[in-house]
Amino acid sequence: MDTTHANLRMAELLFPHITKTPKDYEALYPQRDLPQGAMVTRIAPSPTGFMHFGNLYGALIDERLAHQSGGVFYLRIENTDAKREVEGAVDVILTSLNAFGLNFDEGATNGEDRGIYGPYRQRDRAELYQTIAKDLVLRGLAYPCFCTEEDLQALHEKQEAEGANFGYYGKWAAHANITVEEAEKYISEGKPYVVRFRSPGKEENRIKYKDLAKGEIEMPENCTDIVILKSDGIPTYHFAHVVDDHFMRTTHVVRGEEWLSTFPYHLQMFEVLGWEKPAYIHTAHMLKQDGTSKRKLSERKDPEARLTYYLQEGYPAPAVIEYLMTVLNSNFEEWRNKNPEADLNEFRFKAEKMGVAGAVFDIEKLNDISKNIISRMTGEEVYEATERWAKEYNPEFHRLLTRNPEYSKAILSIGRGGKKPRKDFTVWSDVPHYMAFFFEETFETDYPFPETMSKGDIVRVLKEYPEAYYDTDDDQQTWFGKVKELTDAMGYAVDMKAYKADPAAFPGSVADISAVLRVAVTGRTASPDTYAVMNILGKDTVLARLKKAAEALETKD
RNA sequence: GGCCCGUUGGUCAAGUGGUUAAGACACGGCCCUUUCACGGCUGUAACAGGAGUUCGACUCUCCUACGGGUCACCA
């Protein structure tokens, strides 16, 4: 019997239900009709129920590459491992990426898939993978392997004892030359089996490939017969990747550098299948400073590893994206400094500009970026964003915030819009505390008045100010002028320079008098401009608070 | 252990054989200032180690150390 005939029998034995050929799929999934240079990228997460920061990192690269080249960015769900799949996980993927403004042109959705290269969930593509696997068997490039877990374990131990490289290859590949008769017998006995790729490679050969981020990479050629179809007929990642990215016509594969070590499998399969290889971009991992050492961001240990963290804290999505851009493309920051107002998408992202080493996640930097982004927003925009955040993550505050939107907007507009805007907020969850004293429910009355002032003087300020000086018609300058008048009347220093030069000559200064008013009205020593606060609070509230503070002080001890 | 990737200040990083080795964040100081938040000026601080190649190495080569990844019918 010639080998071709044996292959044919083996293929029919393994895949009696497969009637299509690779050609049918080539026709089903046509080459994409895209302009020159357009990139087709994808994000291909596993539906495990949460999104890692690294997912966003990769997704951003994919999205930028595709969209700035006029290409296609699609979503493929890698659910080949049924054990790890979590219900509702696709929703999590969709909403997370949507929250960060990354939009797909094609792929899996909540409902029907979008696009003609689907289905976009790998488990639904079983027939395709099996068709390609059958073709490989036909060509003698794949074979069934009936080794059990124990067999493989034993193999591993033997290899360890002999100091051989681990893996299913060469003389270790027990079933590499299995006959159709043997396979038939095992199958009739109901033995489970996998399908292995018959690697044509030699260990001593070296292969080279140019990674767009890492540059030239040199590695030994693959010689192991890796599993391409698991016993349930579903492919392993390696096979699914090659088949899908070929038929979905992906031009650029962006993935973490953990794939570098299995990269030779993929290259070899593209080679053997006669398919054009995509370009690859292997990205370094984000690290976390842990004491004196660095390690991968960990879902378990690091809250910031999960994408939901940023949503909960209330980072504006563009802040996270811009932070990632500064890590990804070293020239981004420079560009941003020159073009502070420009749309992020005007920046030309280049894979070649990516760093090769893993970057330590720097939340301080993220915070700085976030703070600056928020500082450029109007009060109205801050209100809208805070409202959206609070609705989801702080319902109690949401009620206060939205009780009187105009009032809230006025508060959030303090010190905004000028050349040197206030930078009070890093995240939306900073807003509730900032605004707290504007609501009676959260106004605190501990009254940290200046300790250097006598109770009598403090009470005098609280009583005389509303009686003789407070006028809601005053502008900022007049308002402060009156505070100075009161200061002077009390014998306190009006001129701060004079006071600093000789503090002992005065009981206190205008700073103290201002502090009394501030503490009475806001309940704190630190707040935005007291004049602006009083204006927003309104006359009645201001008077009531001054009175309340005086009473509190008088009844104390 | 094998294979692979990496290593410039505390952090992110520019740099591609000749530089006073940028810039940003963080930190310190000064100034501004009625608090805070800003803003301005300014300071500390780096090429992992060794051997080569070269007139000259942060840049090229090799070795060592350290860090990371991977060696599954997980992705």
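Note on naming: letters A, B, ... go to the chains in the order of the sequence lines (proteins, then strands), and numbering restarts at 1 for each one.
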Assign each of A:Thr80 and A:Thr530 to its nearest nucleotide of RNA chain B by heavy atoms, then name whichever residue's nucleotide is nearer the 5' end. A:Thr530
Whichever of A:Glu333 and A:Gly358 has its nearest RNA chain B nucleotide further upstream toward 5': A:Gly358
Side-chain N or O of [X] less than 4.0 angstrom from OP1 or OP2 on [N]?
| X | N | result |
| --- | --- | --- |
| A:Lys371 | B:rC38 | yes |
| A:Lys230 | B:rC74 | yes |
| A:Lys423 | B:rG39 | yes |
| A:His282 | B:rC4 | no |

Whole angstrom is fine here: how far is it from [atom1] in [X] over to [atom2] in [N]?
| X | N | atom1 | atom2 | answer |
| --- | --- | --- | --- | --- |
| A:Asp368 | B:rG23 | CG | P | 17 Å |
| A:Arg336 | B:rA24 | CZ | C1' | 14 Å |
| A:Ile217 | B:rU70 | CD1 | C1' | 14 Å |
| A:Ile363 | B:rA26 | CD1 | P | 13 Å |
| A:Met325 | B:rG23 | CE | P | 23 Å |
| A:Ile513 | B:rU35 | CD1 | C1' | 14 Å |
| A:Lys158 | B:rC71 | NZ | C1' | 20 Å |
| A:Glu258 | B:rC4 | CD | C1' | 13 Å |

At under 4.0 Å between heavy atoms, what does [X] touch on the DNA or RNA strands: base, sugar-phosphate, or nothing?
| X | result |
| --- | --- |
| A:Ser527 | base |
| A:Ala357 | sugar-phosphate |
| A:Val360 | sugar-phosphate |
| A:Asp529 | base |
| A:Lys296 | sugar-phosphate |
| A:Glu218 | sugar-phosphate |
| A:Gln476 | base |
| A:Lys353 | sugar-phosphate |
| A:Lys365 | base |
| A:Leu517 | nothing |
| A:His156 | sugar-phosphate |
| A:Pro192 | nothing |
| A:Ala511 | sugar-phosphate |

Under 3.5 Å, is there a donor-acceptor pair between the [X] and [Y] side chains?
| X | Y | result |
| --- | --- | --- |
| A:Asn372 | A:Ser370 | no |
| A:Glu157 | A:Gln153 | yes |
| A:Glu258 | A:His285 | yes |

Who passes side chain to side chain donor-acceptor pair (under 3.5 Å) against A:Glu221, sequence neighbours left out? A:Asn205
When the [atom1] atoms of [M] and [N] are compared, how many Å lie between them, rounded to an integer?
| N | M | atom1 | result |
| --- | --- | --- | --- |
| B:rG6 | B:rG23 | C1' | 24 Å |
| B:rU59 | B:rU54 | C1' | 13 Å |
| B:rG18 | B:rC3 | C1' | 38 Å |
| B:rC73 | B:rC47 | P | 46 Å |
| B:rU53 | B:rU11 | C1' | 35 Å |
| B:rA45 | B:rA13 | C1' | 15 Å |
| B:rA57 | B:rA24 | P | 31 Å |
| B:rA21 | B:rG69 | P | 36 Å |

Stacking between A:Phe480 and the base of B:rU34 (centre distance under 5.5 Å, interplanar angle under 30°)? yes
Measuring from the side chain of A:Gln289 (C-beta onward, heavy atoms only), which nucleotide among B:rC12, B:rU11, B:rC73 has the closest atom? B:rU11
Nearest to side-chain heavy atoms of A:Ala526, which nucleotide of B:rC36, B:rC5, B:rG69: B:rC36
Under 3.5 Å, is there a donor-acceptor pair between the side chain of A:Gln159 and the main chain of A:Gly167? yes
Side chain of A:Thr236, backbone of A:Val227: donor and acceptor closer than 3.5 Å? yes
Tell me, which stems hold RNA chain B, with a stem being 3 or more Watson-Crick or G-U pairs in a row and both distances under 3.5 Å? B:1-7 with B:65-71, B:10-12 with B:23-25, B:27-31 with B:39-43, B:48-52 with B:60-64
With A:Lys365 as partner, the option from A:Ile363, A:Asp368, A:Asn367, A:Asp362 fulfilling side-chain contact (heavy atoms from CB on, under 4.5 Å) is A:Asp362
Sidechain N-carboxylate O distance under 4.0 Å for A:Lys482, A:Asp474: yes
Using 4.0 Å as the upper bound for N to carboxylate O, is an ion pair formed by A:Lys371 and A:Asp424? no
Indicate yes or no: at least one non-hydrogen side-chain atom of A:Tyr193 is less than 4.5 angstrom from one of A:Tyr186. no
Note, A:Glu444 side chain near A:Thr522 side chain (heavy atom, < 4.5 Å): no
Kindly say whether, by distance alone, the side chain of A:Lys420 makes a donor-acceptor pair under 3.5 Å with the base of B:rA37? no
Quiz item: A:Arg422 side-chain donor-acceptor pair to B:rC36 base, under 3.5 Å: yes
